[in-house]
Every structure is written in structure tokens, then in C-alpha cells.
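Each remark here refers to the structure printed beneath this line.
All of these numbers come straight from a predicted model, not from anything done at the bench.
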Amino acid sequence: MGISDTPPSLDDRLARRIGEIRRQQGLTLDELAERAGISRATLSRIERGETSPTAHVLGGLCGVFGLTLSRLLMGVEETAPALMRADRAPLWEDPETGFRRTVIAPPMAGYAVEIIRGELPAGARIPYDRPPVMGLEHHVVVLSGTLLLTVGDETHRLGPGDCLRYRLTGSSGFGSPGPGPAVYLVIVRMPA
């Protein structure tokens, strides 16, 4: 096999990044797996790029690392273009639910806001056991479909044009009851 000019896939970059962050934080595979609530074997396969992590698994890893999913997927760019073209926006798809996550405004040094576009297929649900960053501010705006958004013990049914804002301090979850997908924006602001 020769040298390729093809850039690594998002899954390959994610696998490397999870291993790098784990080592930077001084965590063993066993420690990270236990804290994230996944098996050591699964974590090892993720880090080797043999399997793609689900949104739920990534949520657990983000909670341990103290990073938003965008910051885990991409890192924090020191410099980034002011204009993000739609055809260059990073897209990640959850292999378990089919959830599609597009980074509209990536994390960047000196900026506290990220903008994510989510598309959750009808019937899919993604639970998150804990926030990636305590007090993380979310503003969720539904573009189309119906979104069931759970924050703590309260579930909100949101339709097109509805916006819910909250700070993450516990569990949360996104669900799409159908009949079509729920398409929405999440404006994320890091706590001060």
C-alpha cells in the first residue's frame, strides 16, 4: 500500500483524537472506559478506528473529557475562515440512529459559540447521561419536523420555529416522533 494524498476520514481523525485526549488527560483505557460507561474493548476498538462510536458513546466521552462534541470532533481552531461554505461544513453520522450532525460554525479560539445542524430520523432517540461541560448553554431552534427534547426530568415537544434555551446540568435527550425527521439548529455557548 502506497502513500495516499486522501485526507483521513472524520472517523479516523476522531479515533486518533480520542486517544490523544485520553493520554493528555493521563487516563488509561480502563479508567476512561469506566468513567464513560462503556467497555474497555469498545473503547479500544474506537481508538484503533475499527468501529465508529455512537452519539451516546461520544456523549459519555465528552462528559469525561469536559469538551463539547464539536471540540472533540474538531479540536479548537486557532484560525478558521469567517465564512463556512455549506459544502465544506463537517458532517458526522451516528451509525446507530442515522442522526446527522453538521458543524455550521466550528469552535474557534476567542469565540464562545458553536452552531450545529441536527437531523434526527423519525423514531430515533439519543439520550445523554450528563453534560459535556457543566452549565453549557443551548438554544435549540426546530427548522422542520417535531423534536422531543428532554432536559433533566422535563420533556418539551417542539415544532417548526419553536426555540428552547437551557443550561445543561444533568441528563438530556433528543427524540424524533415522526412522521418525518426532526431538523434543528443547536446554538452552543460555553459557560463563562
Side-chain angles (χ1 to χ4, degrees), residues 14 17-27 31-38 43 46 53-80 82 84 89-90 92 94 97 99-120 124-143 146-159 161-176 182-192:
L14 181 58
R17 182 125 166 88
I18 289 169
E20 288 169 3
I21 295 170
R22 177 181 61 77
R23 288 185 291 278
Q24 286 170 357
Q25 294 191 3
L27 298 170
E31 290 168 333
L32 179 55
E34 182 178 333
R35 291 182 189 178
I38 60 176
L43 178 59
I46 289 169
T54 65
H56 180 74
V57 166
L58 286 176
L61 293 170
C62 287
V64 174
F65 292 149
L67 297 170
T68 64
L69 187 51
S70 295
R71 289 168 191 263
L72 175 63
L73 289 171
M74 302 175 64
V76 177
E77 301 293 329
E78 289 302 319
T79 60
M84 173 65 82
W92 176 79
D94 181 2
T97 64
F99 167 65
R100 295 170 56 92
R101 181 183 195 283
T102 306
V103 178
I104 304 297
M108 190 173 130
Y111 288 84
V113 174
E114 305 167 17
I115 302 175
I116 310 304
R117 180 186 184 273
E119 185 174 334
L120 191 59
R125 181 168 178 355
I126 302 172
Y128 296 103
D129 300 329
R130 61 181 156 197
V133 177
M134 191 59 71
L136 190 66
E137 185 178 333
H138 276 189
H139 298 254
V140 178
V141 181
V142 175
L143 302 176
T146 302
L147 181 67
L148 297 179
L149 179 51
T150 302
V151 181
D153 294 331
E154 192 171 355
T155 300
H156 306 271
R157 185 179 190 92
L158 306 174
D162 292 345
C163 178
L164 179 67
R165 63 180 171 197
Y166 54 93
R167 292 187 193 279
L168 281 171
T169 58
S171 64
S172 62
F174 291 75
S176 175
V183 180
Y184 54 94
L185 295 177
V186 182
I187 295 89
V188 178
R189 185 173 188 283
M190 295 298 288

Checklist entry - Should L58 and I18 be marked as a side chain to side chain contact (heavy atoms under 4.5 Å, CB included) after you check the CA-CA gap, both sets of side-chain angles, and the distance that decides it? => result CA-CA 10 Å; L58 286 176; I18 289 169; 4.2 Å; yes
Item to check | Test log, rule ring-ring contact (aromatic ring centres under 6.0 Å, His included), inputs F174 and F99 | outcome: CA-CA 10 Å; F174 291 75; F99 167 65; 7.6 Å; no
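A salt bridge links E119 to R117: one of the charged nitrogens lies within less than 4.0 Å of a carboxylate oxygen.
Here R101 contributes atom CZ and I126 contributes atom CD1; the two are 10.0 Å apart, rounded to the nearest 0.5 Å. Distance check, rounded to the nearest 0.5 Å: CZ of R157 to CG of L149 gives 13.0 Å. How far CD1 of I38 is from CG of L61: 5.0 Å, rounded to the nearest 0.5 Å. Distance check, rounded to the nearest 0.5 Å: CD1 of I46 to CG of L14 gives 8.0 Å. Here the CG atom belonging to L158 is positioned 9.0 Å from the OG1 atom belonging to T146, to the nearest 0.5 angstrom. Going from atom SG of C62 over to atom CG of L67 covers 6.5 Å, rounded to the nearest 0.5 Å.
Considering all non-hydrogen atoms of both residues, L168 and H138 come closest at CD1-CE1, 3.6 Å. Across all their heavy atoms, P90 and M84 have their closest contact at CD-CE, 4.2 Å. Closest of all the heavy-atom pairs between R125 and T97 is O-CG2, 4.0 Å. Across all their heavy atoms, G159 and D162 have their closest contact at N-OD2, 2.8 Å. Across every non-hydrogen atom of Y184 and V142, the tightest pair is CB-CA, 3.9 Å. Smallest separation of non-hydrogen atoms from D94 and T54: OD1-CA, 3.2 Å.
Using a 4.5 Å heavy-atom threshold, the side chains of P131 and T169 count as separate. Under the 4.5 Å side-chain criterion, counting only non-hydrogen atoms from C-beta, R130 is not in contact with S171. Side-chain contact between I116 and L185 is absent, with no heavy-atom pair separated by less than 4.5 Å. Considering only heavy atoms from C-beta on, L136 comes within 4.5 Å of P191 through its side chain.
Checking side-chain atoms of E137 against main-chain N and O of Y166 turns up no donor-acceptor pair under 3.5 Å. Listed for the T102 side chain is no donor-acceptor partner under 3.5 Å among the backbone atoms of I104. In this structure a side-chain-to-backbone donor-acceptor pair under 3.5 Å is missing from R35 to V64. Using modelled atom types, one side-chain atom of R23 and one backbone atom of G19 make a donor-acceptor pair closer than 3.5 Å.
Counting only N and O atoms by type, the side chains of T150 and T155 include a donor and acceptor under 3.5 Å apart.
Annotation for E34: atom CD does not count as buried by contact number, only 12 or fewer foreign heavy atoms lying within 6.0 Å.
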Under 3.5 Å, side-chain donor or acceptor atoms of residues 106-114 against the rest of the protein: list the pairs with distances, not counting sequence neighbours.
residue	atom	partner	partner atom	Å
E114	OE1	T68	OG1	3.3
E114	OE1	S70	OG	3.1
E114	OE2	T68	OG1	3.0
E114	OE2	R71	NE	2.8

